[in-house]
Amino acid sequence: MNITDLLAKECMILDVQAQSKEAVLEEMATKLEKTGRLNDRKQFLEAIHARESQSTTGVGDGIAIPHAKTAAVKTPTIVFARSKHGIDYDSLDGQPAHLFFMIAATDGANDDHLAALSSLSSYLMDGENRRKLMEADTKSEVTAIFSMSKESDEDTSKTEGLVLAVTACPTGIAHTYMAADALKAKAKELGIGVKVETNGSDGVRNELTEEDIAQASAIIVAADKQVDMARFHGRKVIEVPVAKAIREPEQLLTKAAKGDAPVYSSGDLQGDVATHKSKEKRGRVGFYKHLMNGVSNMLPFVVGGGLLIAISFIWGINSANPDSAEYNEFAALLNSIGGEYALGLMVVVLSGFIAQSIADRPGLAPGMVGGLMAATGGAGFLGGIISGFLAGYLIVFLKYAFRSLPKVLEGLKPVLLYPFFGILLTGLIMSLLVGPLSSITSGLENFLSGLGTGNLILLGVILGAMMAFDMGGPLNKTAFAFGIALIDAGNYAPHAAVMAGGMVPPIGLALATTLFKSKFTSQERKAGVTAYFLGASFITEGAIPFAVADPGRVIPSIVTGSAVAGGLAMAFGNGLQAPHGGLFVIPFVQGNPLLYILAILIGSLVTAIMVGLLKKKVPQ
């Protein structure tokens with residue numbers, strides 16, 4: 001299937017009317033809807049915006065490739081739109097976007113469709129092709145330009161030396177292939193031999209072999225999702241986000257060709273003394289990586305379950321209690337689905353995906369079994385974290401122990417040996433640990449319950465600051481997981497500080513763009529409007545664009561404001577039973593909800609004023 005099979009003339013807009021990123025997405029989605037290619041326009045746009053929230057699809061060089069793979073799409077299609085004057089699209093290179101390709105892929109898109117979609121990004125890496133598209137006068141000319149395009153997975157150059165690369169983005173449609181083609185094109189220009197493996201929606205292509213890996217001077221892993229890293233043990237590896245390969249291919253290739261990269265250790269007990277120091281450093285990074293993999297996969301259960309619990313409170317805070325006058329059968333059902341089932345899986349999922357991050361798929365089953373034992377035995381989040389690491393490294397040990405089995409038994413490892421021995425050993429060890437861990441969890445709960453007011457305020461300050469410091473990173477998620485763990489233990493005060501601290505950064509920065517307009521660009525002021533809604537929804541990541549643009553002034557401001565909000569929430573005696581929900585769950589905050597709102601507003605105002613005082617005026 002070629003690009004032209006998906007790029008119909010009726011889905012082209014040669015002169016868009018939109019003047020903003022939001023408007024151009026709306027205009028292109030409307031074109032899809034009018035041509036009968038969507039089942040649900042609203043759902044499709046939500047999927048498009050969800051992808052944009054992960055990272056901008058404005059890849060630079062005047063190109064934007066918004067994309068989504070969703071059941072809202074009836075027919076796989078590419079919408080082409082062009083803006084002669086250019087639109088501010090938050091592109092990676094900071095330049096306006098002129099050429100827009102909205103990729104609409106069905107939930108069940110087959111390999112042919114995905115291959116055609118991926119070839120689009122390859123084609124657009126050529127500057128001559130972009131020039132022709134800008135100069136085309138008719139839709140027929142656009143079709144003719146793409147008719148001449150050809151996709152190739154061939155490796156570039158066969159010169160001395162070999163650099164390997166792996167590219168992967170969350171959706172696997174556009175950035176994966178643009179990064180691959182950027183590396184190939186630059187390698188050809190530099191005379192560097194390169195082979196690139198793509199981990200896209202159509203699966204793994206051009207997979208790196210053991211022979212390739214053995215010959216390589218270094219491997220570039222440009223990925224925003226998990227890829228198979230164990231095969232690179234003992235080799236020099238450069239790990240970067242996928243966008244860096246698109247924007248800085250020369251820098252990455254040059255370093256890789258020189259072998260200027262750390263030696264990667266997969267944690268499979270096969271390291272050597274010479275790399276001990278670098279492995280120790282990577283071990284600390286690896287711990288957070290594994291923990292965050294568990295927390296990130298747990299979050300959908302927290303968000304979905306938390307919102308269901310919040311909705312159940314509409315009928316009253318005790319609406320799920322059969323002995324209360326507020327009892328409502330439907331509210332009790334919502335509370336049960338959200339709390340007993342969705343949130344009931346949190347520790348299990350946390351443990352399972354920590355183990356999977358360490359040992360890949362064989363770690364999942366023993367990790368989840370250990371997590372269930374921790375959850376039902378009262379060991380809580382601490383038990384879930386320990387069981388996840390225990391299960392993961394037990395599987396790593398089993399891989400080492402079974403390494404010398406005859407090849408005829410190789411197929412039994414993943415389907416029999418790893419599951420059986422992994423679950424057995426994890427279960428036996430956790431049966432010994434659950435009791436002591438349960439006592440530690442209870443002791444922590446009692447300790448927090450016995451804290452005086454001053455100590456509680458200090459805890460609130462720390463939790464609030466952690467939520468703001470890295471805006472969705474390890475510290476943020478650690479504080480969030482701590483708050484959730486204490487909800488599970490029946491202590492609701494710390495999570496009130498967590499949510500207040502998480503809401504302040506985007507709200508405070510949005511307020512700053514309103515109060516100090518001269519300190520922000522027009523693009524930042526537009527982003528400020530969105531930040532109001534993100535903050536109200538407890539999405540701390542809404543502050544990231546501002547922090548990236550000016551970290552030295554923004555990060556101290558949001559940390560201070562969030563610390564103030566967290567401390568005040570504790571001082572006002574607030575508690576929060578719902579794990580998520582932002583503005584929607586404030587009416588159900590324990591204590592005085594109005595004081596809780598006041599804590600958030602004061603923290604946001606502190607952030608706004610600090611930003612306003614620290615930032616310089618933007619030249620007009």
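Since we're looking at a predicted model, the values are computed, not measured.
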Exercise for the section: Would you sort out whether S562 and M467 count as a side chain to side chain contact (heavy atoms under 4.5 Å, CB included), showing the intermediate values? Expected result: CA-CA 7 Å; S562 291; M467 288 299 293; 5.5 Å; no
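- For H290 and F353, the distance between ring centers is not under 6.0 angstrom.
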Practice task
Could you check E326 against N328 for side-chain hydrogen bond (donor to acceptor under 3.5 Å, both in side chains), going step by step and ending with a plain yes or no?
Solution key: CA-CA 6 Å; E326 295 179 338; N328 178 281; over 6 Å; no
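- In this structure, R235 is not positioned above the aromatic face of F232 in the sense of NZ or CZ being under 6.0 Å from the six-membered ring centre and within 45° of the axis.
- Considering only residues two or more places apart in sequence or on other chains, K244 meets the salt bridge (charged side-chain N to carboxylate O under 4.0 Å, His left out) condition with E248.
- The heavy-atom pair separating G502 from T540 by the smallest distance is O-OG1, 2.9 Å.
- When all heavy atoms of P366 and A391 are compared, the pair lying nearest together is C-CB, 3.7 Å.
- Between P494 and L459, the shortest heavy-atom distance links the atoms CG-CD2, 4.3 Å.
- A donor-acceptor pair is defined here as one N or O able to donate and one able to accept, closer than 3.5 Å; no such pair exists between the side chain of S357 and the backbone of I354.
- Between the side chains of E197 and T167, no donor-acceptor pair of N or O atoms lies under 3.5 Å.
- Here I246 contributes atom CD1 and L252 contributes atom CG; the two are 11.5 Å apart, rounded to the nearest 0.5 Å.
- Taking every heavy atom of both residues into account, M570 and G460 meet most closely at CG-CA, 3.6 Å.
- Judged by distance alone, with hydrogens and angles left aside, the side-chain atoms of E52 form a donor-acceptor pair with the main-chain N or O of T57 at under 3.5 Å.
- The minimum heavy-atom distance linking A180 with V196 is given by the pair CB-CG1, 3.6 Å.
- The environment of OH in Y327 is crowded: more than 12 heavy-atom neighbours from other residues, nucleotides or ligands sit within 6.0 Å.
- If you take CG on L390 and CD1 on I385, they are separated by 13.5 Å, rounding to the nearest 0.5 Å.
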Practice task
Could you walk me through whether N574 and Q590 pass the side chain to side chain contact (heavy atoms under 4.5 Å, CB included) test, one step at a time?
Solution key: CA-CA 5 Å; N574 294 126; Q590 293 179 348; over 6 Å; no
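- By the ring pair (Phe, Tyr, Trp, His ring centres under 6.0 Å) test, F402 is found to be paired with F421, residues two or more places apart in sequence or in another chain being considered.
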Side chains of residues 330-343: which donor-acceptor partners sit under 3.5 Å, not counting sequence neighbours?
from, atom 1, to, atom 2, distance (Å)
N335, ND2, S312, OG, 3.3
S336, OG, E340, OE1, 3.1

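- Closest approach of V242 and A179 over heavy atoms only: CG2-CB, 3.6 Å.
- Put simply, NE2 on H67 and CD1 on I48 are 7.5 Å apart, with the number rounded to the nearest 0.5 Å.
- Heavy atoms of other residues, nucleotides or ligands lying less than 6.0 angstrom from CZ of F572 number more than 12.
- Looking only at distances, no side-chain donor or acceptor of S351 sits under 3.5 Å from a matching main-chain atom of G370.
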Practice task
Go through the steps to decide whether I238 and V221 satisfy the test side chain to side chain contact (heavy atoms under 4.5 Å, CB included), and finish with yes or no.
Solution key: CA-CA 6 Å; I238 300 172; V221 178; over 6 Å; no
